[in-house]
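Right, one structure below, let's go through it.
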Amino acid sequence: MMSQSTGMAESDVERTGGPRPAAGQQAASQPIVVAYKSDPVRGAVWSAVFRSELPQASFRMWPEIGAGEEVEYLVAWVAPPDLERVLPNLKVLFSIGAGIDQLNLDAIPPHVTIVRMLDPDLTRGMVEYATFAVLALHRDIPHYVADQQASRWSYRSLQRAEERRVGIMGLGVLGQALAESLKFFGFPLRGWSASPKTIEGVETFSGPERLGTFLSGCDILVCLLPLTEDTRGILCHATFEQLPKGARLLNAARGGHLVEDDLIAALASGHVDCAILDVLQSEPPAADHALFKHPRVMITPHIASATLPQAAAQRVCRLIERHRSGLPMEGVIDRRRGY
Ligand code: NDP
Ligand code: OXD
């Protein structure tokens with residue numbers, strides 16, 4: 001279920017954490033030292049937001065962070081490998097992305113809370129992209145693009161949306177928001193998640209034992225799973241062969257979900273008709289990568305959505321205030337599950 005005010009899944013609200021000193025304990029008196037380790041141009045926007053929204057904080061851009069032991073909050077896409085030595089008093093690591101698979105969880109001390117990016121703009125970006133891509137797959141656009149490149153003028157018969165079943169792997173913040181958007185077009189919708197869900201207008205399946213039944217009714221398969229030990233390589237031969245013949249694929253999650261050679265084989269056999277990929281194993285791919293040049297594959301350079309610095313920085317300011325007041329934060333990840 002989505003929270004109306006934030007667009008976040010209730011499960012994320014439940015998955016909150018952080019220390020709980022007596023309310024307001026850490027507040028005003030102690031200095032707040034925040035280190036930022038990511039793109040410096042975006043960092044300038046973050047810095048300006050912190051100056052106006054959390055003026056009591058000292059916002060420091062990597063590598064000029066001063067005394068590392070003063071830093072309690074880190075904003076980063078990837079953490080430094082020697083995190084514990086460099087920032088011994090770190091309390092919270094804010095991931096700049098919605099996904100946290102780029103972080104080496106083993107190298108982050110257990111007492112450090114990890115918070116992923118949840119932001120309505122990021123969700124909207126993904127809904128726009130994935131809706132576009134599902135419609136493009138439904139309307140044969142990869143074929144028409146290939147036709148144009150070959151100077152071919154050919155028609156394909158139109159299929160009603162009501163006859164094209166769309167299955168979403170991952171019914172979290174992004175998967176549920178996409179399902180909501182796709183309802184308008186009349187596609188029969190189904191979704192697969194780790195835990196059981198009830199979502200109006202979506203036939204739901206959960207757990208590995210229900211994966212096959214879920215896949216057997218997906219004419220278009222969308223991957224919006226987090227990348228974990230359980231989901232790495234999930235878009236593979238065994239998955240493709242359980243899809244109806246001629247199914248179409250959208251991967252907008254992570255390149256690590258897809259076994260690229262298995263997709264190439266499934267496209268060659270025609271079992272998978274066409275695909276849209278926003279993410280690849282290696283980004284950017286080699287210029288001669290077989291999927292990059294494939295006539296039935298459309299590729300975009302990991303732009304399905306993005307963290308916009310202004311809104312993201314505002315969100316992190318609010319989360320730091322909550323943390324210092326001993327209140328739970330939204331988006332805390334569960335290290336055991338890996339997302
Ligand atoms: P959430 O954590 O909100 O949702 C994840 C969903 O996947 C949940 O429904 C979860 O089930 C399900 N899931 C996790 N593991 C399994 C499993 N083993 N089997 C079945 N279902 C599973 O994530 P978001 O929706 O916010 O984001 C999803 C991913 O999208 C991110 O991790 C990131 O990698 C990717 N992403 C890509 C972007 C791009 O630009 N290409 C931009 C932003 C994100 P349950 O609900 O039961 O926990
Ligand atoms: C993310 C991404 O995880 O942009 O936020 O991929």
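Both counts, for ligands and for their atoms, begin at 1 and track the order of listing.
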Near Glu200 CD, under 6.0 Å, is it more than 12 heavy atoms from other residues, nucleotides or ligands? no
Checking side-chain polar atoms at under 3.5 Å, does Tyr129 have a donor or acceptor matched by the opposite partner on Arg124? no
Does the distance from a Lys or Arg side-chain N to an Asp or Glu carboxylate O, for Arg337 and Glu229, drop under 4.0 Å? no
When only distance counts, is Ala194 in polar contact with ligand 1, meaning an N/O pair under 3.5 Å? yes
Exceeds 12 heavy-atom contacts within 6.0 angstrom, atom CD of Gln148: no
Counting each atom of ligand 1 from 1 as listed, which ones have a heavy atom of Lys197 under 4.0 Å away? 45 (P), 46 (O), 47 (O)
Check this for me - ligand 1, Leu224, N or O atoms closer than 3.5 angstrom, yes or no? no
Short list, please: which atoms of ligand 1 are under 4.0 Å from a heavy atom of Ala304? 39 (C), 40 (O), 41 (N)
Could you tell me whether Leu122 and ligand 1 have an N or O pair separated by under 3.5 Å? no
For Met126, the ligand 1 atoms with a heavy-atom partner under 4.0 Å come out as 37 (C), 38 (C), 39 (C), 41 (N), 42 (C)
Return yes or no for this condition: an N or O of Gly170 is under 3.5 Å from an N or O of ligand 1. no
Sub-4.0 Å heavy-atom contact, Arg116 with ligand 1: yes
May I ask you to check if ligand 2 and Gly97 share an N or O to N or O distance below 3.5 Å? no
Pairs of nitrogen or oxygen atoms closer than 3.5 Å, one from Thr231 and one from ligand 1: do any exist? no
Ligand 1 atoms in contact with Asp278 (distance to a heavy atom under 4.0 Å): 39 (C), 40 (O), 41 (N)
May I ask you to decide if Ser193's main-chain N or O and Ser206's side chain share a donor-acceptor pair within less than 3.5 Å? no
Which of the listed options, Ala306, Gly172, Ser206, Ala130, holds the heavy atom that is closest to atom 6 (C) of ligand 1? Gly172
Just wondering, more than 12 heavy atoms not from Arg296 lying within 6.0 Å of its CZ? yes
Closer than 4.0 Å to some heavy atom of Ala252 - which atoms of ligand 1 meet that? 37 (C), 38 (C), 39 (C), 41 (N)
Side-chain ion pair, Asp140 and Arg156, N-O less than 4.0 Å: yes
What part of Asp230 sits under 4.0 Å from ligand 1 if we count only heavy atoms: the side chain, the backbone, both or neither? side chain
What do you reckon, does Ser195 have a nitrogen or oxygen under 3.5 Å from a nitrogen or oxygen of ligand 1? yes
So which heavy atom in the protein is nearest atom 2 (C) of ligand 2, and how far is it from that ligand atom? His302 NE2, 3.7 Å
His302 neighbourhood, listing ligand 1 atoms whose heavy-atom distance to it stays under 4.0 Å: 39 (C), 40 (O), 41 (N)
Consider ligand 1: state whether an atom of it lies below 4.0 angstrom from any non-hydrogen atom of Leu227. no
Examine Val279 against ligand 1 and note whether any of their N/O atoms are separated by less than 3.5 Å. no
Tell me which protein heavy atom sits closest to atom 3 (O) of ligand 2, plus the residue, atom name and distance to 0.1 Å. Arg254 NH2, 2.7 Å
Are the side chains of Leu90 and His111 in touch, meaning some heavy atoms are under 4.5 Å apart? no
Consider ligand 1: state whether an atom of it lies below 4.0 angstrom from any non-hydrogen atom of Met169. no
Look only at interatomic distance and state if Thr307 has a nitrogen or oxygen under 3.5 Å from any nitrogen or oxygen of ligand 2. no
Identity of the nearest option to atom 35 (C) of ligand 1, non-hydrogen atoms only, from Gly191, Ala253, Gly125: Ala253
Numbered atoms of ligand 1 (with element) below 4.0 Å of Ala98, judged on heavy atoms: 43 (C), 44 (C)
Residue selection (non-hydrogen contact nearest atom 27 (O) of ligand 1) among Leu171, Ile303, Leu174: Leu174
Asp219 bridged to Arg165 by N-O distance under 4.0 Å: yes
How close do Met61 and Pro40 get, heavy atom to heavy atom, and via which atoms? CE-O, 3.6 Å
Can we call the ring centroids of Trp46 and Tyr36 under 6.0 Å apart? yes
Using a 3.5 Å cut-off on N or O atoms only, is Ala98 in polar contact with ligand 2? yes
If I apply the N/O under 3.5 Å rule, does Trp77 come out as touching ligand 2? no
Hey, which atoms in ligand 2 end up nearer than 4.0 Å to a heavy atom of Gly99? 1 (C), 3 (O)
I'd like to know if Thr228 contacts ligand 1, where contact means a heavy-atom distance under 4.0 Å to any ligand atom. no
Ignoring hydrogens and geometry beyond distance, is a side-chain donor-acceptor pair present between Ser181 and Thr131 at under 3.5 Å? yes
Quick check against the 3.5 Å criterion: does Asp273 have a side-chain atom that pairs as donor or acceptor with the backbone of Arg248? no
Would Arg254 and Asp101 pass as an ion pair if we require N to O under 4.0 Å? yes
Are His138 and Phe185, when compared by the centres of their aromatic rings, separated by less than 6.0 Å? no
Looking at SG of Cys236 and CG of Asp262, how far apart are the two atoms once the value is rounded to the nearest 0.5 Å? 6.0 Å
Is Glu180 salt-bridged to Lys183, going by a charged N under 4.0 Å from an acidic O? yes
Using a strict 4.0 Å cut-off to heavy atoms of Arg337, name the atoms of ligand 1 that fall inside it. 48 (O)
